[in-house]
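These notes are about the structure you will find just below.
None of the values given here were measured: they were computed from a predicted structure. Counting convention: from 1, in listed order, for ligands and their atoms alike. Positions are given from 1, in the same order as the sequence printed here.
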Amino acid sequence: MSDGLKIRLDRTLCDGFGICAKHAPQYFSLDDWGYASLIGDGTVPEEDRDAVMRALLDCPVHAIIYMGEHRPAGATAPQHGTEQMPPEPEPKGEDNEAISGFVR
Ligand code: SF4
């Protein structure tokens, strides 16, 4: 279950077009030269998703980066690498000899 999204702003890419601040002024502020800063930590609640996604998609230099869905604290995301994997089957018979012959 998603609770909005998470974004990041790469200020080294920003070219100061100001489009983001027009679409989502509560998330992007512009400095005196028109370069954007992210307001907050990049967490965007579901109700602001459309405005922020529009800013993200309209940024001419792709300085706004989608970091994934934001999940509320305590929600468990699927964990990778913790599943129990069955042991690798041992190669048997001639295969075994062929492998050890190859290694030597
Ligand atoms: S739309 Fe992109 S280039 Fe323009 S101010 Fe925002 S981040 Fe910078």
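Looking at D3 and H70, their side chains come closer than 4.5 Å, going by heavy atoms from C-beta outward. You'll find the side chain of F28 reaches within 4.5 Å of the side chain of I7, heavy atoms only.
Closest approach of V61 to L13, counting heavy atoms only: CG2-O, 3.2 Å. Here the closest non-hydrogen pair linking C20 and A55 is CA-CB, 3.7 Å.
Taken to the nearest 0.5 Å, the SG atom of C59 stands 8.5 Å off from the CG atom of D15.
In terms of protein heavy-atom proximity, atom 3 (S) of ligand 1 is closest to D15 N, 3.3 Å. Of the protein's non-hydrogen atoms, the one nearest atom 8 (Fe) of ligand 1 is C14 SG, 2.3 Å.
The heavy atom nearest to atom 4 (Fe) of ligand 1, out of those in C20, C59, G18, is found in G18.
Counting the atoms of ligand 1 from 1 in the order shown, those under 4.0 Å from a heavy atom of I19 are 1 (S), 4 (Fe). Ligand-side atoms of ligand 1 in range of F17: 3 (S), 4 (Fe), 5 (S), range being under 4.0 angstrom from any heavy atom. Below 4.0 Å from some heavy atom of L9 lie the following atoms of ligand 1, by number and element: 7 (S). Each of the atoms 3 (S) of ligand 1 lies under 4.0 Å from some heavy atom of V61.
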Just list the side-chain donor-acceptor pairs under 3.5 Å for residues 31-40, sequence neighbours left out, or say none.
{"from": "D31", "atom 1": "OD1", "to": "W33", "atom 2": "N", "distance (Å)": "2.9"}
{"from": "D31", "atom 1": "OD1", "to": "G34", "atom 2": "N", "distance (Å)": "3.0"}
{"from": "D31", "atom 1": "OD1", "to": "Y35", "atom 2": "N", "distance (Å)": "2.9"}

